[in-house]
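Take a look at the structure below.
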Amino acid sequence: MTPQDIRDAADALIEADRSGRQIGLLSLRYPGMTLDDAYAVQAALITAKYAQGRRKIGWKIGLTSRAMQQALNITTPDSGILLDDMLFQSGDTVQNGRYIQPRIEAEIAFVMGSSLSGANCTREEVIAATDHVSPALEILDTRVLRTDPDTGQPRVITDTISDNAANAGIVLGRSKHAIADHDLRWVGAIVSRDDTVEETGLGAGVLNDPVTSVLWLARRLAEHGQAIEAGDIVLSGSFIRPLEAPSGSRIQADFGPFGSVKITFD
């Protein structure tokens with residue numbers, strides 16, 4: 001993609017976010033689009049958000065489960081940036097019309113006590129840099145159509161990465177735990193919509209260990225001269241399938257001894 005292509009794609013996503021009207025697949029508009037191109041579009045999108053007064057509060061990691069990677073025929077996660085207007089607390093209500101097609105995922109959030117960087121970053125350094133972990137929900141949304149209506153082609157990873165990895169919000173639980181207090185592979189959640197259990201899962205679904213997910217992010221960022229900073233919230237990846245959250249939905253994730261988190265959609 002040319003620099004102008006990247007700017008045009010980012011502008012289209014900004015307008016989709018503003019208007020609530022999805023755009024066509026970028027992968028069809030730019031058929032030679034690479035992962036580097038997609039991250040360049042994401043960077044341009046986030047730069048525009050900064051210009052609107054937004055502030056980075058952390059990172060999200062997506063496509064961490066084997067099932068999702070196989071569905072998209074990839075072998076790597078992706079990442080996006082969390083902004084200050086995306087943050088909700090457990091028990092909050094999302095205003096009707098805030099999102100286009102919201103979906104929910106259950107995740108473990110890492111809150112960083114110190115910065116984390118370097119291509120040779122280790123698992124031990126991830127653990128040492130983590131202030132605490134908490135239960136969380138990620139709100140997904142898509143400014144790009146899920147499927148092209150003419151060809152039937154679904155979104156691919158370049159569409160998703162460009163669209164800030166389909167991120168729209170984070171619901172942070174109130175419980176805080178030292179990372180050493182739990183084997184995160186065995187931290188699980190029962191996720192309900194309107195009091196009906198829809199999904200269950202374990203942290204092991206995230207690259208076999210959510211710590212590995214954060215390690216992947218630190219190493220990927222190092223390739224681009226970036227780092228996870230102290231105070232950042234890092235969503236480590238979902239261990240359930242995305243759950244639709246139409247207007248009127250009440251979503252609750254029961255993490256047992258790890259805590260709970262809930263959100264309502266007007």
Side-chain angles (χ1 to χ4, degrees), residues 16-17 19-22 57-58 60-68 71-72 80 82-110 133-147 154-155 160 163-177 182 184 186-206 210 233-266:
D17 189 40
S19 68
R21 292 191 295 271
Q22 294 169 317
I57 60 169
K60 68 133 315 172
I61 308 165
L63 304 178
T64 51
S65 74
R66 188 65 180 143
M68 288 300 293
L72 291 177
L82 302 175
L83 300 172
D84 58 335
D85 63 340
M86 298 176 177
L87 182 61
F88 295 89
Q89 300 300 322
S90 181
D92 284 351
T93 298
V94 178
Q95 183 179 359
N96 186 28
R98 168 75 181 267
Y99 300 119
I100 302 171
Q101 289 183 324
R103 295 187 293 172
I104 288 289
E105 293 181 334
E107 312 204 7
I108 295 170
F110 288 61
V133 289
S134 292
L137 296 171
E138 181 180 4
I139 303 173
L140 301 174
D141 200 13
T142 175
R143 279 65 59 171
V144 179
L145 290 170
R146 294 184 190 176
T147 305
R155 286 180 306 164
T160 304
D163 192 20
N164 196 26
N167 179 248
I170 169 178
V171 189
L172 200 58
R174 302 182 188 281
S175 302
K176 300 178 181 179
H177 305 275
H182 293 269
L184 298 183
W186 286 98
V187 171
I190 303 167
V191 186
S192 302
R193 179 179 58 208
D194 304 333
D195 300 322
T196 298
V197 173
E198 297 282 357
E199 281 292 317
T200 63
L202 288 173
V206 178
I233 302 167
V234 180
L235 284 175
S236 58
S238 179
F239 47 80
I240 66 165
R241 67 175 175 87
L243 184 64
E244 301 289 344
S247 178
S249 297
R250 293 177 289 107
I251 308 292
Q252 178 163 344
D254 179 359
F255 286 73
F258 199 69
S260 65
V261 57
K262 59 184 179 180
I263 191 77
T264 298
F265 290 81
D266 261 353

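A quick note: this is a predicted structure, and the numbers were derived from the prediction, not measured.
- Atoms NZ and OG, on K262 and S192 in that order, are 12.0 Å from each other to the nearest 0.5 Å.
- Using a 4.0 Å cut-off between a side-chain N of Lys or Arg and a carboxylate O of Asp or Glu, E198 and R103 do not qualify as a salt bridge.
- For the pair I139 and V171, the minimum side-chain heavy-atom distance is below 4.5 Å.
- Between the side chain of S134 and the main chain of S175, a donor-acceptor pair closer than 3.5 Å is present.
- In plain terms, the two heavy atoms of F239 and G203 that are nearest each other are CD2-CA, 3.9 Å.
- Checking side-chain atoms of D254 against main-chain N and O of G256 turns up a donor-acceptor pair under 3.5 Å.
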Exercise for review: Go through V191 and L243 one step at a time and tell me if the side chain to side chain contact (heavy atoms under 4.5 Å, CB included) criterion holds.
Suggested key: CA-CA 9 Å; V191 186; L243 184 64; 3.9 Å; yes
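- Between atom CD1 of residue I61 and atom CD of residue E107 there is a gap of 8.5 Å, rounded to the nearest 0.5 Å.
- Without hydrogens or angle criteria, D141 side chain to A168 main chain gives no donor-acceptor distance under 3.5 Å.
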Exercise for review: Starting from the C-alpha separation in whole Å, work towards a yes-or-no answer on side chain to side chain donor-acceptor pair (under 3.5 Å) for Q101 and R146.
Suggested key: CA-CA 10 Å; Q101 289 183 324; R146 294 184 190 176; 3.2 Å; yes
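- Side chains of F255 and V187 form a contact here, defined as non-hydrogen atoms less than 4.5 Å apart.
- Atom-to-atom distance recorded for Q22:CD and R143:CZ is 9.5 Å, nearest 0.5 angstrom.
- In this structure the side chain of L137 never reaches within 4.5 angstrom of the side chain of I170, judged on heavy atoms.
- By the 30° and 60° cut-offs, the orientation of the rings of F258 relative to H177 is parallel.
- Here the closest heavy-atom approach between residue A165 and residue G80 is recorded as CB-N, 3.9 Å.
- At a threshold of 4.5 Å between non-hydrogen side-chain atoms, the residues D163 and T142 count as touching.
- The minimum heavy-atom distance between A109 and I233, with the atom names listed, is CB-CG2, 4.2 Å.
- Taking 4.5 Å as the limit, some side-chain heavy atom of E105 sits within range of a side-chain heavy atom of L140.
- Between V206 and S238, the shortest heavy-atom contact is CG2-O, 3.7 Å.
- When side chains are defined from C-beta on, N164 counts as touching M86, because their heavy atoms get closer than 4.5 Å.
- Listed for the S249 side chain is no donor-acceptor partner under 3.5 Å among the backbone atoms of I251.
- For the pair E138 and K60, the minimum side-chain heavy-atom distance is below 4.5 Å.
- A donor-acceptor pair under 3.5 Å links the side-chain atoms of S236 to the main chain of I108, judged by distance alone.
- A donor-acceptor contact shorter than 3.5 Å links the side chain of R193 to the backbone of E244.
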Point to revise | From CA spacing to verdict: side chain to side chain contact (heavy atoms under 4.5 Å, CB included), I263, D92 | key: CA-CA 6 Å; I263 191 77; D92 284 351; 3.8 Å; yes
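- Within the model, atoms CZ of R250 and CZ of F265 stand 13.0 Å from one another, a figure rounded to the nearest 0.5 Å.
- I240 is not listed as a side-chain neighbour of T200, based on a closest heavy-atom distance of 4.5 Å or more.
- Minimum heavy-atom separation, G173 to V261: N-CG2, 4.0 Å.
- In this structure, the separation between CG on L184 and CG on L202 is 11.5 Å, given to the nearest 0.5 Å.
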Practice item. Please report the C-alpha distance between T93 and F88 in whole Å, then the side-chain angles of each, then the deciding distance to 0.1 Å, and finally whether the side chain to side chain contact (heavy atoms under 4.5 Å, CB included) criterion is met. Key: CA-CA 8 Å; T93 298; F88 295 89; over 6 Å; no
Exercise for review: Evaluate the side chain to side chain contact (heavy atoms under 4.5 Å, CB included) criterion for residues L82 and N167: first the C-alpha distance (whole Å), next the side-chain angles of each, then the deciding distance (0.1 Å), finally the verdict.
Suggested key: CA-CA 8 Å; L82 302 175; N167 179 248; 3.5 Å; yes
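- Here the straight-line distance linking atom CD of Q252 with atom OG of S90 works out to 7.5 Å at 0.5 Å rounding.
- Contact detail for Y99 and G169: the closest heavy-atom pair is OH-CA, 4.1 Å.
- In this structure a side-chain-to-backbone donor-acceptor pair under 3.5 Å is present from S247 to D266.
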